[in-house]
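Everything on this sheet refers to the single structure shown next.
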Amino acid sequence: MDITTLTIAQARADLDAKKYTSRELTQAYLSAIEKTDPSIHAYLEVWRDSALAEADAADTRIATGDVAPLTGIPLAIKDNILIHGRIASSSSKILEHYRATYDSTVILKLKAQGAVFLGRTNMDEFAMGSSTENSAYGATKNPLDSTRVPGGSSGGSAAAVAGGMAVAALGSDTGGSIRQPASHCGLVGLKPSYGAVSRFGLMPMGSSLDQIGPLTKTTTDARILFEAIRGHDENDGTSLPDYALAGGGKRIGVPRAFIEKGLDADVRALFDATLEKLKGAGYSIVDVDMPNLPYALPVYYIVCPAEVSTNLARYDGIRYGLSVQADTIQDVYKKTRAVGFGEEVRRRILTGTFVLSAGYSDAYYRKARAVRALIRADFDKAFATVDAIALPTAPGPAFKIGEKASDPLAMYLEDIFSVTANLAGVPAISVPSGTVARDGVALPVGFQLMGPLRGEGVLLAMGEDVERVRG
Ligand code: GLN
């Protein structure tokens, strides 16, 4: 078996045909991790013994014909998704030794299917970043070019899959953290509709923006993993009622004015070429007017830090993880948070506290919320005439390690095309569309499609078409 190209669909067929056992498959991935990960650092921790035990349990299920789509499939899990009894650190020093006291809903669903958990993956601290360089435990490298970042914040999950160290992985996406690493690592990444997948047991970053979703090698695999984790959950107050996935729809809108500037010329050319090929496959491609999209990035970088500053207030040195001793309770808070949080996390907390403060909340936070409503309205209006909206996933391919690390604004610009979907709450997918050359290396570039709320079925069907026309 060639595990570097193995998909969920193929592994399922092979396991069911008894070509190999889940133990053999899991063993192969554990060996690949041992060989490859010292130079990539996709994983923060590998769970060899429990993974093999889960594989054995899956093999018993397969022998009795009690098979679910993910029975015996080895997966990687982002470090901000809780698994009972396991450390979940969100790549932060403040949670270095924190062990989850319950299973997140997505993990419960995967456990019920008999999936195998290989380990927890590296990420930008508390999911803040676009390169995985903001991890307290060191950066992850892109397996396709180890001088470059894998994207972020779910860079460890993306690198694990692209590096042949997991069949598929779970990530989380608050402003692009599934789609952008998928784009940079040549994978499919799906950010579900807000409320489609339970956030229960996902460490919150921006609660009105966060969603868990799949990072996979193909659109078919994204569908399988999404189907496995989605569904209404009483433990998540923002969970949507269950809904069926509908396919169909061949009208794509392109907000041309928004992508005039700010992206690499060859990335732009690849985007246009993909649209042309879809046209050849029977799609209608039309311009749509979405005048408020240019405000999405500034709105995101007000709303997101505001939510971060309140969500991260819980890490006080008393309730979870790290606690630095001091004479007064105030000093415990201060010292624990000063030592426990990294630079980007502290920057967001400061920004968020500022935009929510009494003197400035009208000028920043409330204004941003009002503009967010206008952005949502742009989407609603566009979806009256088209089935999906196309945008590049990111302005360029994977960048060099260190290139943007000391320039937060350059890093934030990575998110210009992806944050739009999170602000509107709509689903979005990134599908590999080809490569561009940098320093003689062919680097993958994703093509992004956004659909109406509950429109994952449309996006997955279109994603399959992108794979077909890509050739
Ligand atoms: N890069 C964006 C940020 O830093 C998005 C992160 C995410 O989606 N978790 O906020």
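Just so we're clear, the structure is a prediction, and the values are computed from it rather than from any experiment. Just follow the structure's listing: the first ligand is 1, and inside any ligand the first atom is 1.
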Notebook entry, point to check: Just by distance, do the side chain of S433 and the backbone of V445 share a donor-acceptor pair under 3.5 Å?
Noted result: yes
Checklist line | Ligand-residue contact atoms, ligand 1 with T174, heavy atoms, under 4.0 Å | finding: 7 (C), 8 (O), 9 (N)
Note to self: Quick check with a 6.0 Å cut-off and a 45 degree axis cone: is K404 positioned over the face of F399's six-membered ring?
What the structure shows: yes
Note to self: Only heavy atoms of M128, strictly under 4.0 Å: list the atoms of ligand 1 that pass.
What the structure shows: 4 (O)
Checklist line | Atom indices of ligand 1 within 4.0 angstrom of S153 heavy atoms, with elements | finding: 9 (N)
Check: What about Y315 and F126, are their ring centers closer than 6.0 Å?
Finding: yes
Next item on the list: Would you check if there is a donor-acceptor pair between the side chains of T140 and H41 at a distance under 3.5 Å?
Entry: no
Check: Going by the atom numbers of ligand 1, which of them fall below 4.0 Å from some non-hydrogen atom of Y300?
Finding: 2 (C), 3 (C), 5 (C), 6 (C), 10 (O)
Note to self: So if I count the atoms of ligand 1 from 1 in the order they appear, which ones are less than 4.0 Å from some heavy atom of M205?
What the structure shows: 9 (N), 10 (O)
Item checked: Q211-R199 side chain donor-acceptor pair, cut-off 3.5 Å -> no
Margin query: I'd like to know whether D439 forms a salt bridge (Lys or Arg N to Asp or Glu O under 4.0 Å) with K400, so could you lay out the CA-CA distance, the side-chain angles of the two residues, the decisive distance to 0.1 Å, and finally the verdict.
Written below: CA-CA 11 Å; D439 305 331; K400 292 270 186 189; 3.4 Å; yes
Next item on the list: Would you indicate which of S418, S177, A394 comes nearest to atom 6 (C) of ligand 1 when only heavy atoms are counted?
Entry: S177
Checklist line | ligand 1 versus F126: contacting region, heavy-atom distance under 4.0 Å | finding: neither
Margin query: With a 4.0 Å cut-off on heavy atoms, is R348 in contact with ligand 1?
Written below: yes
Check: Is A127 in polar range of ligand 1, meaning some N or O pair under 3.5 Å apart?
Finding: yes
Check: Of S154, S90, S177, S157, which meets side chain to side chain donor-acceptor pair (under 3.5 Å) against K78?
Finding: S154
Next item on the list: With heavy atoms under 4.0 Å as the rule, classify the contact between D415 and ligand 1 as side chain, backbone, both or neither.
Entry: side chain
Notebook entry, point to check: Do ligand 1 and G129 have nitrogen or oxygen atoms that lie under 3.5 Å from each other?
Noted result: yes
Next item on the list: Could you tell me the residue and atom name of the protein heavy atom closest to atom 3 (C) of ligand 1, and the distance to it rounded to 0.1 Å?
Entry: Y301 OH, 3.2 Å
Notebook entry, point to check: Does the ring centre of Y365 sit less than 6.0 Å away from the ring centre of Y360?
Noted result: no
Notebook entry, point to check: For ligand 1, which atoms sit closer than 4.0 Å to a heavy atom of D173?
Noted result: 8 (O)
Notebook entry, point to check: If we only count N/O pairs under 3.5 Å, is G175 in contact with ligand 1?
Noted result: yes
Notebook entry, point to check: With a 3.5 Å cut-off and no angle check, do the side chains of D173 and N422 form a donor-acceptor pair?
Noted result: yes
